[in-house]
Student: 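I have a structure I would like to understand better, so I am pasting it below and will then ask my questions one at a time.
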2 protein chains.
Amino acid sequence: MTQGTALTARTIPGTVLSIDAMGSDLGPAAIVAGIAGSAAKNPNLRFIVHGDRPEIERLIDRRRDLSDRCEIRHADGVVTMGDKPSHVLRHGKNTSMWSCIEAVRNGEAGAAVSCGNTGALMALSMIRLRKIEGVNRPAIACLWPSRNPSGFNVMLDVGADIRADAEDLLQYALMGASYARNGLELQRPRVGLLNVGTEDHKGRAELKLASDLIERVSHAADFDFVGFVEGGDLPSDKVDVIVTDGFTGNVALKTGEGTARLIRELMGEAFRYSPLSRIAAMLAYTSLRRLSKRIDPRRVNGGVFLGLNGTVVKSHGSADATGVSAAIKLAARLAASGFNERLAARLAAAEQAAAAAIQSEAGQA
Amino acid sequence: MTQGTALTARTIPGTVLSIDAMGSDLGPAAIVAGIAGSAAKNPNLRFIVHGDRPEIERLIDRRRDLSDRCEIRHADGVVTMGDKPSHVLRHGKNTSMWSCIEAVRNGEAGAAVSCGNTGALMALSMIRLRKIEGVNRPAIACLWPSRNPSGFNVMLDVGADIRADAEDLLQYALMGASYARNGLELQRPRVGLLNVGTEDHKGRAELKLASDLIERVSHAADFDFVGFVEGGDLPSDKVDVIVTDGFTGNVALKTGEGTARLIRELMGEAFRYSPLSRIAAMLAYTSLRRLSKRIDPRRVNGGVFLGLNGTVVKSHGSADATGVSAAIKLAARLAASGFNERLAARLAAAEQAAAAAIQSEAGQA
């Protein structure tokens, strides 16, 4: 029976994650399959699963040993992809998304994972978890396949807010560096600011100002600032953290994913083209699988909300079991590393340096 | 001898193109190699080549039959990648870029091609060729590999101007539709507006306004407006023309190119990984070449400046002979189709519809 199990961070050792089972394009089955995959790989994980109890119970009971590690929290309501964030804030108390965030707020879970409506998830997270002191705009950070040794770069913001002024971009740099330290285990991350050229005179006015601010704070905040980077540098090994506003970041993220998807499809067509190419595909199977895995967007599924009192991972709405499992893995790593506490401490320490830099900038203007 | 040949649109039948031989990262040799490639494929082409006469002469004389089809115009100066546009406008009269644009201005050539500094080329083109009446901001349009029957979509602006208000975006829609008609031979192009989501409430305020304006004008301007599209739709078959501001477009273009480059490199590594994968690569040679050609950024080299009294094609600064040849092919096609005259006529016709839409919008506000 799953009903009676109470799994909280306080009572059971290991990492507890709060999972929104509803709101995914593929329904709760994909979410539970993702939970099962993660549970099999990591025996320390426990889950609080939010949504329609009968349906979730049926799905979990089908999987061996999963019911002992899951506590189900029933929620009548579901946030749909079309719901406006403001509507969810006013009328969403009965939804699985709200319940999912609440378990992090109460300290029962170390991190939350949801496939639902991004805008609503961000709005709920902001209101219920609140921003870390000193943070103006929270951001969503994603991992980006790159030539770096870890195989990834970090980019933020990829869609929390369509606006970002110079001070916001400075905070993104601080939060992104902290995420790269904990998520990619980089001692001294290299931070770059996304622009349309690397020359000083290029780009919007707020980017020049942000560049000055980030440069001044970089020493105290223990990262290297590499200056402006371009779209072509996103998968490069010259930068670890790419800072941009949420509009540009979202377009870049989806453009990169779309390009990779097109090439994967064309590659598949190329290998189905003739009998000879089909034989070639069989011979190259291992190599092709390795390549395919490297550029599979499901593997880097999971945008992390930065700047809140609690870790929230947004999975793709259309994520399948592999994608959900990747998002859960990321959430588990961040929860286990105490990432959010470290981020808050870093931000507080950098606050002084940043404030000094901004004041001096204002004095000059 | 190349010195005495005077090739102008008036004296010699066929298409005359004005080519800036300097300012490329790879030097004049790559440009002349590109000219030679294009000349071999298209016997109707003639060239006016601008730059350092002794060097260009030496390069052209080495190629059989090329000297008869090229007129060299000597220029002492070269616009470098680091030169500010304002500096080039004031002090650039002796440069090959200036001379290259001048040949289009004088009606000697049907289109100009340059690999040089984009900002300087746009500034020079604006001042010397002037904007088409009614155009506020010219734009740079690029071709984007897609699932459409033609294999391409059009995206603009990809870097002429980092700003664009709603009226500018409307003009981009009109110019892009005209380009798709002439460049991709589409009777009724489908136009989309790039945003971070397809829902009506998503994105910046100017995008909502632009969406209304484009919708109202689409019928009179003879294109279909498909509404908001996302980064993932750029290579799709649901849209032919993607409209965005020059900052976002430039980041998206370079992100797509960078992603494709990374995957090509990883694919190469995958096929060199083991003896078996090397054999597979040999067997799949034809299929892989077809794929590689389809996603080769050199094949879509050439951003077209739209909204000026004259056609200017900007080639990548690092374009090799294949890339330069692709840019020349594009310039030749546009020059031969009388594209620019048609674009001006379209804009004039759409002007009235647009003005009516904007006025009615202003009346409501």
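Proteins get letters first, then strands, A, B, ... in listed order; numbering begins at 1 in each.
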Student: Answer with side chain, backbone, both or neither: which region of B:I242 has an atom nearer than 4.5 Å to a non-hydrogen atom of chain A?
Tutor: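 No part of B:I242 comes within 4.5 Å of chain A.
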
Student: Name the member of A:R204, A:E265, A:E230 that forms the most heavy-atom pairs with chain B at distances under 4.5 Å.
Tutor: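 That would be A:R204.
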
Student: Considering all heavy atoms of both residues, which atom of A:F247 and which atom of B:N195 are nearest to each other, and what is their separation?
Tutor: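 What the structure gives for the nearest pair is CE1-OD1, 3.5 Å.
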
Student: Of all the heavy-atom pairs spanning B:A252 and A:V251, show the shortest one and how long it is.
Tutor: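 Minimum heavy-atom contact is CB-CG1, 4.1 Å.
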
Student: So for B:L234, is it side chain, backbone, both, or neither that comes closer than 4.5 Å to the heavy atoms of chain A?
Tutor: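 The side chain, not the backbone.
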
Student: What's the shortest heavy-atom distance between B:T259 and A:P235, and which atoms?
Tutor: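 In this case the closest contact between B:T259 and A:P235 is N-CG, 4.2 Å.
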
Student: Count the heavy-atom pairs under 4.5 Å between each of B:T248, B:L253, B:D233 and chain A, then report the option with the highest count.
Tutor: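 Of the candidates given, the most pairs with chain A belong to B:T248.
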
Student: Would you indicate whether the side-chain heavy atoms of A:W144 and B:L262 approach each other to under 4.5 Å?
Tutor: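 No, too far: nothing below the 4.5 Å cut-off.
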
Student: Between A:I162 and chain B, with a heavy-atom cut-off of 4.5 Å, which part of the residue counts as in contact: side chain, backbone, both or neither?
Tutor: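 For A:I162, the contact with chain B is made by backbone and side chain together.
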
Student: For A:D161, is it the side chain, the backbone, both or neither that has a heavy atom under 4.5 Å from a heavy atom of chain B?
Tutor: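 Neither part.
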
Student: With no hydrogens and no angle check, is any side-chain donor or acceptor of B:K254 less than 3.5 Å from a backbone partner on A:V196?
Tutor: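 Yes: the side chain of B:K254 pairs with the backbone of A:V196.
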
Student: How many angstroms lie between CD1 in A:I263 and CG in B:L266, if you round to the nearest 0.5 Å?
Tutor: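 The CD1 atom of A:I263 sits 10.5 Å away from the CG atom of B:L266.
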
